[in-house]
Amino acid sequence: MAETEHRPTNFIRQIIDKDLAAGIHDTVKTRFPPEPNGFLHIGHAKSICLNFGIAEDYKGTCNLRFDDTNPAKEDITYVNAIEQDVQWLGFEWDGKPRYSSDYFDQLHAYANELIDKGLAYVDFSSQEAMREMRGTLTEPGSNSPFRDTSPEVNKQEFAKMTAGEYGEGECCLRAKIDMASPFMCMRDPVIYRVKFAHHHQTGEKWCVYPMYDFTHCISDAIEGITHSLCTLEFQDNRRLYDWVIENISIECTPRQYEFSRLNLEYTVLSKRRLIQLVDEGHVAGWDDPRMPTIAGLRRRGYTPGSIREFCKRIGVTKMDNMVEMGMLEACIRDDLNTAAPRAMAVLDPIKLVIENYPESQSEELTAANHPNDESMGSRTLPFSREVWIEAEDFRESANKKFKRLVLDKEVRLRNAYVVKAERVEKDAEGNVTTVYCTYDPDTLGKDPADGRKVKGVIHWVDGNSGLPAEFRLYDRLFNVPNPAAQDDFVSSINPDSLTVKKGWVEPSVTLSAPECGGWQFERTGYFCVDKDSTEQQLVFNQTVGLRDTWAKIAD
RNA sequence: UGGGGUAUAGCCAAGUUGGUAAGGCAGCGGGUUUUGAUCCCGCCAUUCGUUGGUUCGAGUCCAGCUACCCCAGCCA
C-alpha cells in the first residue's frame, strides 16, 4: 500500500542518531521480547514496528526473544502464535528466535557472582514478612534478618535451592541493594524464586527461575542489544536494570528507553483482560474478529500493511494516550480502497422483479473491478428478470434526500439498467418482500436518451446466479471508551457487537480471495471470507464499513 | 516535598542552538462521480496545563503551582 514516504521521527530514533553520531555504537541491535503467555495484540504491533522498524531503517538487527521466566503462565502454543504473528506483520528476526531460558545457566552463574560479591543473599522470610519489611511508598523498609548471611553460606543455600531442597515460597534469592531506596524495586528485589513447574523449553531441568528484572538486562547484554525499548511502567525498573549490569562481569552495556503503551478506545489491551474475555467465553477465541489481537484483526480482514501504517501514524512518545478507533479504521480503508476489487452483495434482501424483462432472457453484463484502476480488469455480471436488492434501498415514499428506489421513481442498478418501481408486495407484517418494476433497455452504460436525470444508484445481485452467503457485521466490543477503567470491565461489553445477516453475493466472489484478502462490496464495506465458510455457504466478515455520510443525514 | 514520568486542537503528534504553532485522524464547506465511497479544493490552535520571571522576542530558558499516569508480585 502507499505508506507515507518519510520515515517516522521520534525521540528514540533521535537518541539512536546521537549515539551513532557520537560513536557510542556503530550498529543498532534491538529486540522484541514478549512473554509467551497470550496472543499478540495491536499494542504489541506498536512495539514490533518500533523495534523491527528501527533495525530495518538503521540496517541493524532485531531479535525475537521469548521472555520465558515464569513457566507457570506460559505455553508453547503462544510461542508458535507469536512467531506467526510477527512474520505475518512482515518482519524478520535475526537468526533463530531466542529464549531467556537459553541463558538460564549463565543467569545462574551471574547470581552466584552476586552472592560471591556479597550483593545477593538467600532470604527465608515469609512473603508476608518480606512485604512488611519492604516499607511503603513514603516510609523506608527495614533489613531482613538474613541480609548479613555470609557469601559462603548463601552460596550453599542457593545451591540447595537449585537442587530442589526447598519448597516454593520457603526461600528466595534477593539482591542486596537498599531497603531505604525511594525506588521500591531497589529494596532488595527478589531475583530468583523456587518454582516446581514444567518449562516449555527446559522441561524439568530447573526448579529455580530468575525474575524479570534480573533476566531482562542480562539477556539484552548477552545478545549485544544496544537499545532496549520497553513501555513506561518499567521506568523505575531501569535503575535495577543498570544496577545488575554494573555489578556483574559483562562487557556490553545495553541502555533501556521507555515509550508509552498504546490505548485504543472501546477495547482492552491488557493480556489479563484479553485472557478473561477468551476464558469466560465472551468472544469465540483469540482470533475472534472483534478482538484487538493480531490474530483477530487478521481474521477480520486487516492487512499487515494497514497495521504497520497505523503504528506509523500514532507515533512513539512518552505521553499517555487513548487513540480513537477511527484512526485504525482509516488505515484499513486507505489500504483496501486501492487494493480491493469491487463486487456486489446484498445483505438484507428483498426481491426486485423487472416485469418488462422477458422471463426466459438473461445476459452477461461487464463491470469494472475498480472504478479508478483499469489495470484491475473487469468481470461479467449475470443479469435476469429477478434480482435481489437491499431492503433499505427501497421506500414506498420518501423526500428528495433519499437517493434510492421509491415507488413510481427511477434509480440505476449499479453496472446495469435504470429501473422504475411500480408496485409492491408485502408479507403479513406489512414488510415489503417484492418490488415490481420496469426497466429502460436503453440505459446500459449510458444515461436515458431523453435527458432524464437519475441520481440514485443501488447495488443488486442476480436472482438466478447469486450465491447464498452469511455476513457477519461487527461493532465495538465495549460500549464505553475506556472499559479498562471500569471496576468490572466485562459489564460494559457491547451485547450487539456481532450482527449476522443472510443474503446474496454475486457469483464472481468465491472462496479464493483476492491478493489483498478481500473485496469491497460496493456501497456497503470491505469484506473477507471467514474460515467458517464451506462450499455450500460462504461466510464473510465485514472488515470495516465505507465512510457513510448518509447515515449522519438520515439520523 | 516518597520516588519516577507526562502536559501542544475532539484524537494522535511535529516543534531539539529562543525568532513568531508541521502533518495525520475526525469534523465542516464546495467540486467531480453509475459506490451517499474514492478523488480534488478550501476551512479547522492570536496560542502551547497554569501563574509569574528573563528577553527586543518564549511552546522552547528559569521559578512556583495544578492535573494525570506508574511503583509497596517470590508477574512481566
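Note on naming: letters A, B, ... go to the chains in the order of the sequence lines (proteins, then strands), and numbering restarts at 1 for each one.
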**OP:** Check side-chain contact (heavy atoms from CB on, under 4.5 Å) between A/E410 and all other residues, then give those that pass, not counting sequence neighbours.
**Re:** A/V418, A/K420, A/R452, A/V454
Original post:
Atom CZ of A/F383 and atom C1' of B/U34: how far apart are they, to the nearest Å?
Top reply: 14 Å
Subject >> Options B/A26, B/G36, B/A13, nucleotide nearest the side-chain atoms of A/W550 >> reply: B/G36
Original post:
Aromatic rings A/W519 and A/F521: how do their planes relate, parallel, tilted or perpendicular, breaks at 30° and 60°?
Top reply: parallel
**OP:** Taking atom C1' in both B/C11 and B/G53, compute the distance separating them and give it to the nearest angstrom.
**Re:** 34 Å
**OP:** Please report, rounded to the nearest Å, how far the C1' atom of B/G24 is from the CE atom of A/M327.
**Re:** 6 Å
**OP:** Scan every strand shown for a Watson-Crick or G-U wobble partner of B/U32, both distances under 3.5 Å, and answer none if you come up empty.
**Re:** none
**OP:** Could you tell me which residues satisfy side-chain contact (heavy atoms from CB on, under 4.5 Å) with A/R261, sequence neighbours excluded, listed by chain and number?
**Re:** A/T231, A/E233
Original post:
Since syn is defined as within 90° of 0, does B/G4 count as syn or as anti?
Top reply: anti
**OP:** Please determine, by modelled atom types, if A/S101 and A/D68 share a side-chain donor-acceptor pair under 3.5 angstrom.
**Re:** yes
**OP:** Compute whether any side-chain donor of one residue and acceptor of the other, for A/D123 and A/S144, lie under 3.5 angstrom apart.
**Re:** yes
Subject >> Lys/Arg N to Asp/Glu carboxylate O, A/E35 vs A/K271, below 4.0 Å >> reply: no
Original post:
Do we see a donor-acceptor contact under 3.5 Å between the side chains of A/R31 and A/H216?
Top reply: yes
Subject >> Inter-nucleotide P distance (B/G19, B/C43), Å rounded >> reply: 26 Å
Original post:
Base, sugar-phosphate alone, or nothing: which one does A/R174 contact when heavy atoms must sit under 4.0 Å apart?
Top reply: nothing
Original post:
Under a 3.5 Å cut-off for both distances, is B/C68 Watson-Crick or wobble paired, and to whom?
Top reply: B/G5
**OP:** Using a 4.0 Å heavy-atom cut-off across all strands, classify A/K318 as base, sugar-phosphate, or nothing.
**Re:** sugar-phosphate
Original post:
For the pair made of CZ in A/F11 and C1' in B/G5, what is the distance, rounded to whole Å?
Top reply: 11 Å
**OP:** Tell me the partner of B/U60, counting only Watson-Crick (N1-N3 plus N6-O4 or O6-N4) or G-U wobble (N1-O2 and O6-N3) with both under 3.5 Å; none if nothing fits.
**Re:** none
**OP:** Measure the distance from CD on A/E139 to C1' on B/G3 and round it to the nearest whole Å.
**Re:** 14 Å
**OP:** Assert yes or no for the condition that the ring centre distance of A/Y192 to A/F158 is strictly below 6.0 Å.
**Re:** yes
**OP:** If B/A37 has a Watson-Crick or G-U wobble mate with both distances under 3.5 Å, name it; if not, just say none.
**Re:** none
**OP:** Send over the distance from A/M322 CE to B/C25 P, rounded to a whole Å.
**Re:** 21 Å
**OP:** Can you establish whether the number of heavy atoms outside A/K409 located under 6.0 Å from its atom NZ is more than 12?
**Re:** no
**OP:** Please lay out, stage by stage, how A/S100 and A/D67 fare under the test side-chain hydrogen bond (donor to acceptor under 3.5 Å, both in side chains).
**Re:** CA-CA 5 Å; A/S100 296; A/D67 212 347; 2.9 Å; yes
Subject >> Nearest-nucleotide 5' precedence on RNA chain B, A/Q235 against A/L413 >> reply: A/Q235
**OP:** May I have the distance from A/H216 (atom NE2) to B/C75 (atom C1'), rounded to whole angstrom?
**Re:** 14 Å
Original post:
A/N321 has an atom CG; how far is it from atom C1' of B/C68, in whole Å?
Top reply: 13 Å
Original post:
Does one side chain, of A/Y302 or A/D335, offer a donor that lies under 3.5 Å from an acceptor on the other?
Top reply: no
Subject >> P atoms of B/G23 and B/A14, separation to the nearest Å >> reply: 15 Å
**OP:** Look at the rings of A/F383 and A/Y439 and say which category their plane angle falls in: under 30° parallel, 30 to 60° tilted, over 60° perpendicular.
**Re:** tilted
Original post:
What does B/C43 pair with, Watson-Crick or G-U, if both distances are under 3.5 Å?
Top reply: B/G27
Original post:
What residues in residues 442-456 of chain A put a non-hydrogen atom under 4.0 Å from any atom of RNA chain B?
Top reply: A/T443, A/L444, A/G445, A/K446
Mind listing the N/O atom pairs, protein and nucleotides 69-74 of chain B, below 3.5 Å?
from  : atom 1 : to     : atom 2 : distance (Å)
B/C69 : O4'    : A/D320 : OD2    : 3.2
B/A72 : O2'    : A/R134 : NE     : 3.1
B/G73 : OP2    : A/R134 : NH2    : 3.0
B/C74 : OP2    : A/R134 : NH1    : 3.4
B/C74 : N4     : A/S125 : O      : 3.4
B/C74 : N4     : A/G169 : O      : 3.0

Subject >> Earlier contact from the 5' end, RNA chain B, for A/T69 and A/E324 >> reply: A/E324
Original post:
Reckon A/N37 touches a base, only the sugar-phosphate, or nothing at all at heavy-atom distances under 4.0 Å?
Top reply: nothing
Subject >> Presence of donor-acceptor pair under 3.5 Å, side chain of A/R412 and base of B/U34 >> reply: yes
**OP:** Quick one: which residue pairs count as a ring-ring contact (aromatic ring centres under 6.0 Å, His included) with a foot in residues 123-143 of chain A, not counting sequence neighbours?
**Re:** A/F124-A/F146, A/F124-A/Y166
Original post:
Which whole-number value in Å describes the distance from A/Y209 OH to B/A76 P?
Top reply: 12 Å
Original post:
So what does A/S260 touch, heavy atoms closer than 4.0 Å: a base, only the sugar-phosphate, or nothing?
Top reply: nothing
Subject >> Same-atom distance (C1') from B/A58 to B/G42, integer angstrom >> reply: 32 Å
Please enumerate all protein N or O atoms sitting under 3.5 Å from an N or O of nucleotides 37-45 of chain B, with distances to 0.1 Å.
from  : atom 1 : to     : atom 2 : distance (Å)
B/A37 : OP1    : A/T549 : OG1    : 3.0
B/U38 : OP2    : A/R547 : NH1    : 3.1
B/U38 : O3'    : A/N337 : ND2    : 3.3
B/U38 : O2'    : A/N337 : ND2    : 2.9

Subject >> Cationic tip of A/R273 above A/F489 ring, under 6.0 Å, 45° of axis >> reply: yes
**OP:** Name the closest nucleotide to the A/T317 side chain, picking from B/A14, B/U35, B/G5.
**Re:** B/A14
